[in-house]
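Step one of this worksheet: look at the structure below.
So you know, we letter chains A, B, ... as the sequences are listed, proteins then strands, and number each from 1. Remember, it's a predicted structure, so these values are computed and weren't measured experimentally.
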Number of protein chains: 2
Amino acid sequence: MKRENTTIYDIASEVGVSIATVSRVLRGETNVSPATREKVQQAMDRFNYRPSSIARGLTSKITHSLGIILPKLLNPHYAMIFTGAQEEARKLGYTISLFPWSSLDTNAYNPAAMLIERRLDGLIVCVEYLPPEHDERVLAALRTLREYMPVVLIGCVPPWYDFPAVANNNAAMMRSIMEYLTKMGHEKIAFIGGAQEDKDPLCRDVGYEEGLRAARLPYTASYRIYGKGTAEAGKASMDEMLDSLKQEYWPTAIIALNDLVAMGCLQSAREHGIAVPEQMSVIGCDDLFCAPYLYPPLTSINTHQQRVGARAVQLLISGEYKQETVEWELMERASCAPITKKREE
Amino acid sequence: MKRENTTIYDIASEVGVSIATVSRVLRGETNVSPATREKVQQAMDRFNYRPSSIARGLTSKITHSLGIILPKLLNPHYAMIFTGAQEEARKLGYTISLFPWSSLDTNAYNPAAMLIERRLDGLIVCVEYLPPEHDERVLAALRTLREYMPVVLIGCVPPWYDFPAVANNNAAMMRSIMEYLTKMGHEKIAFIGGAQEDKDPLCRDVGYEEGLRAARLPYTASYRIYGKGTAEAGKASMDEMLDSLKQEYWPTAIIALNDLVAMGCLQSAREHGIAVPEQMSVIGCDDLFCAPYLYPPLTSINTHQQRVGARAVQLLISGEYKQETVEWELMERASCAPITKKREE
DNA sequence: TCTTATAATGTAAGCGCTAACATAAACATC
DNA sequence: GATGTTTATGTTAGCGCTTACATTATAAGA
């Protein structure tokens with residue numbers, strides 16, 4: 001193992017040129033005579049020469065490596081973001097590595113030692129579902145990190161964060177779903193959301209409320225539930241809502257924060273003997289791979305998270321300062337139906 | 001942005017010692033007087049000094065970065081492996097980055113240029129579900145890579161691969177599932193498997209056949225299906241099997257290669273009007289997060305993929321040469337039931 | 001007190017590249 | 001043919017560390 005790596009010197013002495021010339025063909029500079037270039041190229045091939053990205057990074061200050069901070073990859077939502085980012089990074093010749101949330105949430109003057117030591121060329125941070133109490137500390141950590149490397153944010157980015165960012169327009173998305181449901185005749189529509197109250201004006205619950213207003217429907221506190229954004233939490237929230245409400249007040253449609261929550265809702269509905277979509281429509285968000293295989297197949301919104309990840313990488317590398325939005329797509333499946341069906345029964 | 005990074009020289013001149021001494025406290029060497037160590041430490045804190053892992057890597061030849069090659073992260077099975085590996089790597093002070101399968105499957109003398117240029121300290125390669133025709137080329141690529149860095153394999157590793165490895169004992173796992181099902185009275189048990197025929201003696205289908213023999217059940221070719229290991233493929237395989245068989249020959253139990261396939265089977269059963277588990281039991285493998293939320297909740301095997309990933313990292317870093325196995329756990333849920341139920345109807 | 005082992009620190013040579021600068025060769029220009 | 005330009009190549013000083021080796025200060029042994 002670990003054969004002695006050939007260096008730029010080996011190539012240079014083999015061809016009989018200086019290392020600068022070898023470096024020039026390595027970097028694709030134009031001011032090298034075709035003949036020399038060819039000879040160097042061939043020697044490189046012959047020796048199976050691979051320049052050390054470490055050494056290149058040390059001198060050029062460009063490491064061609066990026067970082068991404070995500071809550072957890074086990075949630076397919078984040079796996080999609082990561083995949084999108086990874087593929088784009090690779091295309092552009094970059095390597096990307098994952099850092100956990102804890103990298104940000106550190107004490108005092110030690111934010112993300114590892115992050116800084118790596119001399120990354122850029123960092124993507126997903127700030128979705130930020131617990132409000134952490135908000136300030138996280139923002140401070142982000143500002144510190146920015147002194148060392150460009151930072152692009154993704155997810156549910158509050159507008160007062162002065163960072164380039166790419167996200168879905170969650171509010172608009174939710175408004176359009178509300179329209180979808182109200183057009184189907186639904187009037188009792190519940191929203192089973194994420195952790196935070198209303199600190200974040202970009203979040204999905206805002207669109208829910210706007211949709212309510214647009215349809216001239218009353219806001220009903222017991223239809224707006226907060227949870228943890230997981231399947232377990234979704235089920236618990238739904239259980240609690242159903243159990244605390246008389247059956248006649250049960251909503252006829254549920255908007256789940258994401259597909260995970262929707263899975264929990266479906267389960268809860270099943271256990272309460274509620275037929276979906278006949279008695280109750282359920283709509284999720286993110287369009288996870290399993291959505292079509294749930295029972296009933298879950299109507300969901302494809303939020304193109306891979307594109308979010310890819311775009312973030314592009315912004316990072318191009319250095320543009322933008323706050324961008326990625327489009328979404330409604331995936332109609334069997335879990336939503338017009339209200340009329342219900343009346344027939 | 002990009003404040004000028006403080007270097008070992010800054011610290012040295014601040015404290016009034018040589019850079020060697022600073023380097024010594026950086027590396028935690030013991031032969032430094034407590035007084036000097038303290039002074040250096042404080043200067044480092046004061047300057048918020050972070051050593052450049054790039055420079056350290058260049059001299060020490062240890063980059064503290066690993067690579068992992070996985071088919072695709074969107075499949076939660078691989079996301080679990082990655083997560084396990086990532087967390088373990090981080091604990092040990094390593095960074096890990098993902099490389100796509102295409103890194104291996106390259107032409108001639110250019111296997112994974114990026115992989116080698118990065119001067120990784122080690123590489124994990126997941127060789128699961130290897131299409132047989134690629135087998136040789138992949139093995140060759142692995143052997144080449146091994147000249148540059150330690151390699152540990154995970155997944156379904158053929159025994160003739162002379163690499164350290166960690167995997168599930170798929171054959172034993174399947175045998176035990178077969179026992180589980182036969183004890184429930186099932187005799188017509190189908191296996192909906194992965195892509196390859198029988199090239200790999202460790203794979204799950206081997207256990208299936210052994211289980212058949214152990215229970216003195218006949219081998220029925222039409223019960224052993226090959227597919228692509230995805231939900232779509234699972235559904236297609238199952239559809240095909242059911243449609244080609246008279247109803248009386250329909251299996252009473254299905255073993256799916258993984259939960260993805262099982263999801264497809266569940267769907268297919270539903271469309272064929274088969275009640276699960278009353279008329280047909282279905283068992284998956286991998287225990288994905290969505291398994292409990294399928295209908296019916298899917299009985300599956302938790303194969304502890306995170307542990308697989310973590311163990312692989314440990315082997316890589318410790319340098320041990322071992323071929324290890326990770327235990328599994330049956331997660332009983334509602335999709336499997338004794339055959340007796342069926343007769344009652 | 002003088003050696004000799006030991007602990008603490010310093011010196012300097014790389015690691016494998018990049019990049020600024022210097023030089024040499026080739027070509028125009030008048 | 002002398003001079004200025006352009007093009008191709010060489011020289012060299014880092015980048016920010018580690019590490020072998022040298023040196024000095026300190027303690028121990030005779």
(request) Map A:R56 and B:S18 onto DNA chain C by nearest heavy atom, then report which one ends up closer to the 5' terminus. (result) B:S18

(message) Here's a test of your reading of the structure: between B:I19 and A:R27, which maps to the more 5' nucleotide of DNA chain C?
(response) B:I19

(request) Measure the shortest side-chain to side-chain distance between A:K322 and A:L315 over non-hydrogen atoms and say whether it is less than 4.5 angstrom. (result) yes

Quickly work out the [X] [atom1] to [N] [atom2] distance and round it to whole Å.
X: A:L58; N: C:dG14; atom1: CG; atom2: C1'; value: 12 Å
X: A:N31; N: C:dC21; atom1: CG; atom2: C1'; value: 14 Å
X: A:K61; N: C:dA20; atom1: NZ; atom2: P; value: 13 Å
X: A:Y9; N: C:dT18; atom1: OH; atom2: P; value: 11 Å

(request) Check every strand shown and say whether A:S33 touches a base, only sugar-phosphate, or nothing at a heavy-atom separation below 4.0 Å. (result) sugar-phosphate

(message) At a heavy-atom distance below 4.0 Å, which nucleotide of DNA chain D is the first touched by chain B, and which is the last?
(response) D:dG16 to D:dT19

(message) At less than 4.0 Å, is any side-chain N or O atom of A:S23 found next to OP1 or OP2 of C:dT18? Yes or no.
(response) yes

(request) Assess A:R146 against A:F163: is NZ or CZ under 6.0 Å from the centre of the six-membered ring, and within 45 degrees of the ring's axis? (result) yes

(request) Give a yes or no on whether the backbone of A:I62 and the side-chain of A:D121 come within a donor-acceptor separation of less than 3.5 Å. (result) no

(message) Using only atom types and a distance under 3.5 Å, with no angle test, would you say the side chain of B:N169 pairs donor to acceptor with the backbone of B:T325?
(response) no

(message) Can you tell me whether the side chain of B:R24 and the base of C:dG10 have a donor-acceptor pair closer than 3.5 Å?
(response) yes

(message) Reading DNA chain D from 5' onward, which residue's closest nucleotide shows up sooner: B:E29 or A:A20?
(response) A:A20

(request) Run through A:V326, A:V308, A:N168 and flag the one making a side-chain contact (heavy atoms from CB on, under 4.5 Å) with A:I154. (result) A:V308

(message) As an exercise, state the distance from CD of B:Q41 to CZ of B:R46, rounded to the nearest 0.5 Å.
(response) 11.5 Å

